[in-house]
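Report on the structure given below.
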Amino acid sequence: VERLLTGLSSAEAPVEILINNAGMGVYGELQNQPIDALARMLAINVVALTTLSRLVLPGMLARKQGRILNLASVVGYQPGGPRMAAYYASKSYVLSLSRGLARELKGSGISVTALSPGPTETAFEQRAGVGNTLLYSLSPKMTAREVAQTGYRAMMRGQPICVPGLGNKFRALAAQLLPRAITLEVNSWLLQYRARE
Ligand SMILES: NC(=O)c1ccc[n+]([C@@H]2O[C@H](COP(=O)([O-])OP(=O)(O)OC[C@H]3O[C@@H](n4cnc5c(N)ncnc54)[C@H](OP(=O)(O)O)[C@@H]3O)[C@@H](O)[C@H]2O)c1
């Protein structure tokens, strides 16, 4: 961390934009998830994202400018994700951290944007083992390019929140408005594997 701190605070190459994109998901009931994979997921989704933001802030504050883009997810708006509970919770953390930090940095010249995509065509679904869930089988997917372009524009405008795509906006809003018990049942249904044909 110290080496990283020295590199990141170098005056010749100051970090003007930090994009916390790296992340992973682990599918399955918590008691069955490999402990190593779970720890790795929390280290990358939560700890690395927070630590990197902490490391670049002093330089950005000194220069009175900077942009941070954090990859949350539309699932971060959900009250919980049965069979993916830790992943959903990690993305709620990203959303909460980004909102709090954006307010903390108001007037400093530094913006924080939480980008919350829904299902997107990347290696994520295969790596996380969610390709066979009803959620990923039924949802239309955006391309990574569409998500990246929308997120980039939001970051450059200094928007604190960005949910790309109409369907994802609707899902985020519905999760805020519907009773939690109903949303949890819907998520439990969506996060099961679809029956084999
Ligand atoms: N795809 C979706 O449906 C979706 C939906 C909502 C949010 N997201 C979020 O979007 C972000 C990008 O994911 P993606 O969809 O592009 O998935 P991806 O294709 O699996 O890419 C994940 C990225 O994270 C990096 N990464 C993973 N573990 C790492 C580690 N321990 N150390 C350093 N880098 C690591 C990977 O690097 P390597 O390739 O070198 O391993 C890769 O660049 C993630 O935060 C994910 O949670 C994805």
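Residues: numbered from 1 along the sequence shown. Counting starts at 1 for both ligands and their atoms, in listed order. Everything quoted here is computed from the prediction, not taken from an experiment.
Residue pairs meeting the salt bridge (charged side-chain N to carboxylate O under 4.0 Å, His left out) criterion with at least one partner in residues 101-126, sequence neighbours excluded, are Glu125-Lys141.
Between the side chains of Gln65 and Arg63, no donor N or O sits under 3.5 Å from an acceptor N or O.
Protein neighbours of ligand 1 below 4.0 Å, counting non-hydrogen atoms: Asn21, Ala22, Gly23, Ile44, Leu71, Ala72, Ser73, Tyr87, Lys91, Pro117, Gly118, Pro119, Thr120, Thr122, Ala123, Phe124, Arg127, Tyr136.
The side-chain contact (heavy atoms from CB on, under 4.5 Å) test applied to Ala89 returns no partner, not counting sequence neighbours. Not counting sequence neighbours, the partners of Val186 by the side-chain contact (heavy atoms from CB on, under 4.5 Å) test are Ile182, Leu190.
Tyr87 and Phe124 have their aromatic ring centers within a separation under 6.0 angstrom.
Side chain of Tyr77 to backbone of Ala174: no donor-acceptor contact under 3.5 angstrom is found.
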